[in-house]
Amino acid sequence: MLTLQVLRNDREALEKALSKRGINAATMLNRILALDEERRHTQKEVDDLKAKQNEASREIGDLFKSGKKEEAEARRTEVSALKEKIHVLDEHQKSLVQQQEAALLEMPNRPHESVPTGHSEADNEVVSEEGDKPQLHGEAKPHWELADQYKLIDFEAGVKISGAGFPVYRGKGAKLQRALIQFFLDRADAAGYEEFIPPHLVNPDSGRGTGQLPDKEGQMYHCVEDDLYLIPTAEVPLTNLYRGDILAEEELPVQLCGYTPCFRREAGSYGKDVRGLNRLHQFDKVEIVRFEKPENSYASLDGMVEHVRGLLRDLELPFRTLRLCAGDLGFTAALTFDLEVWSAAQERWLEVSSVSNFESFQANRLQCRFRNAAGKPELVHTLNGSALALPRIVAALLENHQGPDGIRIPAALQRYTGFDTIS
RNA sequence: GGAGAAGUGCCAGAGUGGUCGAAUGGGCCUGAUUCGAAAUCAGGUGUGCCUUCACGGGCACCGGGGGUUCGAAUCCCUCCUUCUCCGCCA
């Protein structure tokens with residue numbers, strides 16, 4: 001969430017930035033600032049009364065000690081009256097803080113100045129396009145047919161044992177999956193990201209920390225009995241590793257990575273979007289996460305995008321980079337680059353990575369700070385990116401590298417798969 | 001899952017109703033000493049909020065939440081976590 005300081009001190013710019021998202025923030029800001037003013041006023045009142053009470057209590061103690069019992073008793077009834085008043089004001093103060101928090105929680109992040117205006121994915125800016133689309137002359141089979149033909153994925157078995165969106169990988173399909181995970185992790189490791197294997201279920205505090213709660217409550221699988229959520233991305237446990245911490249300046253940047261399965265309810269999806277591997281309830285992903293000093297976060301973001309591009313190049317997939325427009329930008333992000341691979345048979349782009357800078361939006365919720373040069377705690381900037389999400393990579397690999405003799409495995413991947421063709 | 005013990009600052013550890021945001025030791029920072037270092041000595045060393053031009057002042061926080069009391073780190077309730085024992089188990 002945004003900090004109160006930003007709302008107070010930078011209101012005009014904030015309102016303008018949020019209008020890019022198509023949000024008229026004026027009403028919300030007015031409400032929050034009005035609450036803030038009342039809260040401060042109330043706090044002053046409460047604090048003063050409490051100071052009085054504390055002082056009286058001290059005196060009562062002294063009076064009892066020096067044996068002036070009657071005087072002490074008199075003071076005591078006096079303070080009792082004060083207590084009533086404090087209690088009422090205190091409750092009011094608490095409710096104001098809660099309302100303010102709730103309102104603040106509903107405000108999305110402020111888009112970076114480079115974010116294009118726009119309403120939908122059609123307005124995203126294509127930053128670059130790389131690699132040649134294969135010429136398959138209408139012969140191209142979609143990945144679900146190839147997966148079936150070479151017995152790589154059993155979608156129906158998944159339906160039987162779980163439901164739609166839970167594919168079963170088998171044989172070389174399973175090996176390919178494992179190879180990709182290993183490949184991505186090795187590359188992240190080489191780029192300086194420390195590997196973690198985090199829990200796949202997280203508590204509500206963690207969900208709030210990264211912003212999935214309350215914004216995307218319905219998108220996560222919830223184990224009600226234990227009040228735990230299945231992670232929709234490794235971002236959640238990895239970023240929460242530093243929740244509530246104050247880091248030393250020298251510790252930054254912190255670079256983490258991890259492979260986890262990801263679980264998403266994907267309520268409301270339908271049609272060609274969910275065909276084959278396009279959109280699943282469970283999928284595998286390697287995630288990279290960074291904690292940065294604010295002045296370095298945007299350079300870092302570029303570095304992360306470049307890392308992902310390197311992976312796609314080595315997989316010999318045609319891809320493009322998008323700068324998301326304000327309308328398509330996630331609630332918590334300030335700037336996001338999406339990377340999409342070309343699906344030769346479906347003849348469309350598939351998103352395989354989303355790399356974002358959250359600035360201090362998540363850090364504020366997480367209360368993750370570092371001690372700056374002045375020795376004061378300051379919110380870090382958090383970033384993360386998929387590097388990479390597996391299913392659509394597999395889809396693109398199958399579709400783009402298909403040929404009469406089978407599916408060619410890119411050279412960089414062969415030492416991980418142990419085979420160079422799927423036939 | 002059952003029984004018991006415990007959770008205090010960066011760490012160790014005292015404190016069991018009053019002046020405790022918290023003794024003491026270690027660590028760390030600053031200064032003195034030194035050619036320099038070690039050792040020694042002196043001082044400093046949490047976070048959030050409110051208030052103040054500033055100096056400063058106030059409030060809250062001793063696992064989380066709630067309660068008793070004029071007053072709680074200290075008593076009570078509850079939840080969480082850790083440790084010990086028992087049970088179960090990949």
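Chain letters run A, B, ... following the sequence lines, proteins first, then strands; residues in each count from 1.
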Rounded P spacing from U81(B) to C28(B) in Å: 35 Å
In Å and rounded to the nearest 0.5 Å, what is the CD to CD1 distance from Glu78(A) to Ile60(A)? 8.0 Å
Look through every strand shown and name the nucleotide pairing with A72(B) as Watson-Crick or G-U wobble, where both distances are under 3.5 Å. none
Comparing nearest nucleotides in RNA chain B, the 5'-proximal residue of the pair Lys52(A), Lys44(A) is Lys44(A)
CG of Leu383(A) to CD of Gln255(A): how many Å apart, nearest 0.5 Å? 10.5 Å
In whole Å, I'd like the distance from the NZ atom of Lys376(A) to the C1' atom of G48(B). 11 Å
Does G7(B) pair with anything, Watson-Crick or G-U wobble, both distances under 3.5 Å, and if so, with which nucleotide? C80(B)
Out of C70(B), U47(B), G58(B), minimum distance to the side chain of Ser57(A) belongs to C70(B)
Within the structure, does a side-chain N or O atom of Arg371(A) lie under 4.0 Å from either OP1 or OP2 of U47(B)? yes
Could you work out the separation of C59(B) and G2(B) based on their P atoms and round it to a whole Å? 43 Å
With a cut-off of less than 4.0 Å, is there a side-chain N or O of Gln43(A) near OP1 or OP2 of C59(B)? no
For G18(B) and Gln53(A) - does any side-chain N or O of the residue sit under 4.0 Å from the phosphate oxygens OP1/OP2? no
G87(B) pairs with, by Watson-Crick or G-U criteria that keep both distances under 3.5 Å: none
Roughly, in whole Å, what's the span from CG in Asp36(A) to C1' in C50(B)? 11 Å
On a whole-Å scale, what distance lies between the C1' atoms belonging to A60(B) and A3(B)? 37 Å
Considering all heavy atoms of both residues, which atom of Arg365(A) and which atom of Leu105(A) are nearest to each other, and what is their separation? NH2-O, 3.5 Å
Work out how far the P atom of C41(B) is from that of C50(B), and round it to whole angstrom. 42 Å
Ile60(A) CD1 to U19(B) P: how many Å, rounded? 14 Å
Atom CD of Glu78(A) to atom P of C70(B): distance rounded to whole Å? 13 Å
Interatomic distance at P, U16(B) relative to C11(B), whole Å: 23 Å
Look through every strand shown and name the nucleotide pairing with C28(B) as Watson-Crick or G-U wobble, where both distances are under 3.5 Å. G44(B)
Nucleotide forming a Watson-Crick or wobble pair with G21(B), both distances under 3.5 Å: none
Tell me what Ala56(A) touches on the nucleic acid: a base, only sugar-phosphate, or nothing, going by heavy atoms under 4.0 Å. nothing
Rounded distance in Å between the C1' positions of G67(B) and A12(B): 33 Å
Whole Å only: how far is the CD atom of Glu101(A) from the C1' atom of G48(B)? 12 Å
Is there a side-chain contact between Lys83(A) and the phosphate of G71(B), meaning an N or O under 4.0 Å from OP1 or OP2? yes
Watson-Crick or G-U wobble mate for A38(B), both contacts under 3.5 Å: none
For Glu359(A) and Asn109(A), which I'm curious about, is there any donor-acceptor pair between the side chains at under 3.5 Å? no
Do Asp314(A) and Phe183(A) have side chains that approach each other closer than 4.5 Å (heavy atoms only, starting at C-beta)? yes
Give Arg40(A) one of three labels, base, sugar-phosphate or nothing, depending on what nucleic acid heavy atoms sit under 4.0 Å from its own. sugar-phosphate
According to a strict under-4.0 Å criterion, is Arg369(A) in side-chain N/O contact with OP1 or OP2 of G48(B)? yes
Rounded to whole Å, how long is the line connecting atom CG of Asp226(A) with atom C1' of G1(B)? 14 Å
Whole angstrom value for the distance that separates C1' of G48(B) from NZ of Lys50(A): 14 Å
Between G66(B) and Lys94(A), is there an OP1 or OP2 to side-chain N/O distance shorter than 4.0 Å? yes
Whole angstroms only, please: what is the CD1-P distance between Ile86(A) and G58(B)? 16 Å
Does OP1 or OP2 of A60(B) have a side-chain N or O of Asn54(A) closer than 4.0 Å? yes
Using the C1' atoms only, state how far A14(B) lies from U24(B), rounded to an integer number of Å. 7 Å
Have a look at His112(A) and tell me which of Phe337(A), Phe358(A), Tyr298(A), Phe361(A) forms a ring pair (Phe, Tyr, Trp, His ring centres under 6.0 Å) with it. Tyr298(A)
Does a nitrogen or oxygen in the side chain of Arg58(A) sit under 4.0 Å from OP1 or OP2 of C70(B)? no
Interatomic distance at C1', C10(B) relative to C79(B), whole Å: 28 Å
First encountered from the 5' end of RNA chain B, between Gln93(A) and Thr77(A): Gln93(A)
Can you tell if the side chain of Leu317(A) reaches within under 4.5 Å of the side chain of His401(A), non-hydrogen atoms only? yes
Which part of the nucleic acid does Glu378(A) contact within heavy-atom distance under 4.0 Å: base, sugar-phosphate only, or nothing? nothing
May I ask you to test the Tyr242(A)-Leu366(A) pair for a side-chain heavy-atom distance under 4.5 Å? no
